[in-house]
Amino acid sequence: MSERPRESERGARRSPGTASGPERTPDRNRTADRGRAAKPRRVPGPGRPATAAASRGARPSAARRGGGARPPRGGAARLRLVNPRPRLRLVAVGLTLVMLVFTVRLLQVQAVDASAYADKAAVNRYITVPLAAERGTITARDGSALASTVDAHDITADPYLFSPEQTKIEDAPERAAELLAPLLGKKPAELAGKLSRKGTRYVLLARQQSPQTWRKVKKLKARLAEEAAAAPEGGKPDVLAGIYQEKHAKRVYPNKELAATVLGFVNSAGKGGAGLEAKLNGTLAGEDGKVTYAQSGGRQVPTAGVREQAAEPGSDVELTLDRDIQWSAQQAISDQVAESHADSGYVVVQDTRTGQLLGMASAPGFDPNDIRGAQVDSFGSPAVQDAYEPGSTSKVMSMAAVLEEGKATPRTAVTVPNRLKRADRSFADDIDHPTWHLTLNGVLAKSSNIGTILATEQLGSTQRQANKVLYRYLRKFGIGRPTGLGFPGETDGLLAEPGKWSASQQYTIPFGQGLSLNAVQAASIYSTIANGGERIAPTLVRGTTGPDGRFRPADAPDKRRVVSEKTAKTLARMLESVVSDMEGTGTTAKIPGYRVAGKTGTANRVDPETGRYHGYTSSFAGFAPADKPRITVYCAVQNPKKGSYFGSDVCGPVYKKVMKFSLKTLQIPPTGAEPAKLPVSAGKSRND
């Protein structure tokens with residue numbers, strides 16, 4: 001049955017589309033029917049065309065091979081789709097080849113040539129640079145700037161862009177260094193070394209250059225870029241393409257040396273290096289930000305996007321210093337140190353009611369705008385860092401202890417011999433004299449060492465007990481304790497416990513030898529007396545103004561009762577005798593129209609290098625108006641070598657000049673009351 005259609009196809013191929021005519025019998029049929037009669041040919045009946053019968057038995061391929069077309073069924077052609085498998089195989093092979101090419105290329109980029117492509121990508125990539133926060137301003141109490149910040153530029157470079165691979169020349173760093181050195185004030189060799197550095201994309205060439213300097217560098221860069229663009233390729237390379245800048249504000253001190261030892265300075269790293277700049281660095285500095293951007297050839301790519309973390313500016317700090325009083329104090333002490341050929345000196349001006357320091361001047365000073373020209377040992381603040389023996393200005397604490405303990409009054413008679421033997425030595429006053437018959441007030445007015453020893457011996461039934469009582473008062477006045485300023489390098493002074501006082505110290509400490517303090521501590525002693533016996537810790541900061549513009553006052557200073565108000569007023573009257581009485585040692589400090597209280601001091605000075613006594617410390621301390629105190633002024637000069645070394649001669653005029661200026665500046669009028677006079681010599685009548 002399966003072979004029948006094939007026989008029909010052969011017949012159809014031989015006579016396609018023919019209904020009559022002889023039909024050849026296939027060879028197989030002829031072989032099978034050999035010997036039999038031929039079978040009659042079947043003729044199609046009516047209504048059944050021969051062409052239709054022939055079409056049913058004919059294959060399309062046979063019709064095509066015969067050159068004929070298959071007759072349409074029902075009058076329409078019948079279409080048949082070609083087998084799609086060969087084409088799909090061809091497409092699959094093509095895609096496989098393409099993927100293979102991509103895979104090979106990917107392996108080449110990521111494995112074989114990875115380092116080369118990384119180097120090329122390094123020319124244009126994201127870098128992160130810091131954004132320096134604007135440092136806060138330091139102002140005087142009137143708002144005038146003492147330290148401020150101005151725009152400046154750090155000149156930086158990308159060493160990679162100076163390599164031979166990028167510049168196509170071997171000496172690009174040297175050429176660039178020769179061009180930049182005159183503008184930046186650097187040595188060419190130093191710059192060339194930085195530009196040749198390997199393994200980094202960032203070097204700092206010059207810090208905090210002025211806008212004028214950066215404009216010169218920028219103009220030079222532009223000129224070289226134009227010349228390189230106009231020249232044939234490689235004819236004139238742009239050796240400054242890798243130079244760029246970062247804004248980095250610069251600290252300036254508009255008043256130069258004024259208050260320099262208080263303010264300190266900012267070092268090259270942008271941090272406070274001394275003084276208040278160091279103490280308040282966290283408040284002033286703020287918080288740095290950072291910016292990340294893509295750069296190419298040392299320039300930012302503007303279309304590559306920027307990620308920025310904004311910097312938070314620092315807070316402004318308002319000080320208690322009065323700029324005019326500070327200037328007066330600094331002029332006065334600088335002139336006196338120069339005139340006396342002294343090693344150094346300091347003046348402290350304090351508001352007796354608040355403890356605020358209105359002036360804190362030292363000489364010699366320095367210009368914080370140019371610390372390269374200053375001596376390293378002048379960077380600190382000697383008024384709080386130098387510890388020295390105060391001498392007779394310390395006697396006021398001994399008198400306070402005697403009065404507060406009720407052991408004597410200003411009129412108590414004290415017989416003062418020319419020499420007083422105690423322990424292993426004989427004590428004397430600053431001059432030889434016959435036996436003096438003084439009052440306790442006279443002992444202070446004439447600054448008698450012997451009289452002070454005799455008075456403090458009354459503090460206890462034994463010398464050991466007297467020492468303990470005196471020690472307690474010295475500590476209450478602040479000796480051997482921090483001033484409260486928290487200044488960098490501040491000294492607490494030296495005051496040994498009474499059990500450790502040597503045989504001589506128990507007699508020298510009452511008149512100011514054998515203990516040490518700093519100038520601010522000394523001023524605070526007199527401000528305590530002027531303030532009615534209550535010590536207010538000295539302060540330098542009034543408050544801060546944050547980035548939000550809000551002013552925040554400083555914390556209230558510590559207060560401590562030292563002696564009673566009655567004792568303080570009595571001491572103030574006794575200190576007036578030092579200045580107003582002709583027998584007093586402080587007459588050089590008189591100010592016409594004002595009642596002035598003060599005390600002179602002349603002490604043997606310990607040489608800090610040898611540890612032995614050498615030279616003198618001259619000092620003067622006091623306040624005014626004496627009956628209604630407002631201002632305390634303290635002056636000390638170390639090791640005067642020319643002229644007198646007595647405190648009345650060296651520091652008395654400084655005290656008078658600064659006190660007079662301060663009273664005028666703060667518009668403090670005289671009280672108009674007559675000074676209360678206390679007797680100096682025993683047996684003489686004075687108005688009480």
Contact summary for [X] and [Y], nearest pair of heavy atoms:
X	Y	result
Val520	Leu485	CG1-CD1, 4.1 Å
Gly451	Val443	C-CG1, 3.6 Å
Ile509	Ser394	O-OG, 4.5 Å
Gln513	Asn604	OE1-N, 2.8 Å
Phe265	Pro368	CB-CB, 4.2 Å
Gly598	Val578	O-CB, 3.2 Å

Residues passing the salt bridge (charged side-chain N to carboxylate O under 4.0 Å, His left out) test with Arg323, sequence neighbours excluded, are none
For a side chain to side chain contact (heavy atoms under 4.5 Å, CB included) with Lys656, tell me which candidate from Val633, Val579, Val596, Ile591 qualifies.
-> Ile591
Does atom NZ of Lys641 have more than 12 heavy-atom neighbours from other groups under 6.0 Å away?
-> yes
Is it true that Glu339 and Lys642 have a side-chain N and a carboxylate O under 4.0 angstrom from each other?
-> no
Residues Asp343 and Arg605 bridged, charged N to O under 4.0 Å = yes
Measure the shortest side-chain to side-chain distance between Glu389 and Tyr613 over non-hydrogen atoms and say whether it is less than 4.5 angstrom.
-> yes
Can Lys476 be said to sit on top of Tyr473's aromatic six-ring, NZ or CZ under 6.0 Å from centre and within 45° of the ring axis?
-> yes
His341: what forms a ring pair (Phe, Tyr, Trp, His ring centres under 6.0 Å) with it, not counting sequence neighbours?
-> none
Are a donor atom and an acceptor atom from the side chains of Glu277 and Tyr253 found within less than 3.5 Å of each other?
-> yes
Using only heavy-atom distances, determine whether the side chains of Lys395 and Ser447 contain a donor-acceptor pair under 3.5 Å.
-> yes
Which atom pairs, one a donor and one an acceptor, fall under 3.5 Å between side chains of residues 615-623 and the rest of the protein, sequence neighbours left out?
unit_1 : atom_1 : unit_2 : atom_2 : d
Thr617 : OG1    : Gln638 : OE1    : 2.7
Ser618 : OG     : Tyr645 : O      : 2.4
Ser619 : OG     : Gly601 : O      : 3.4

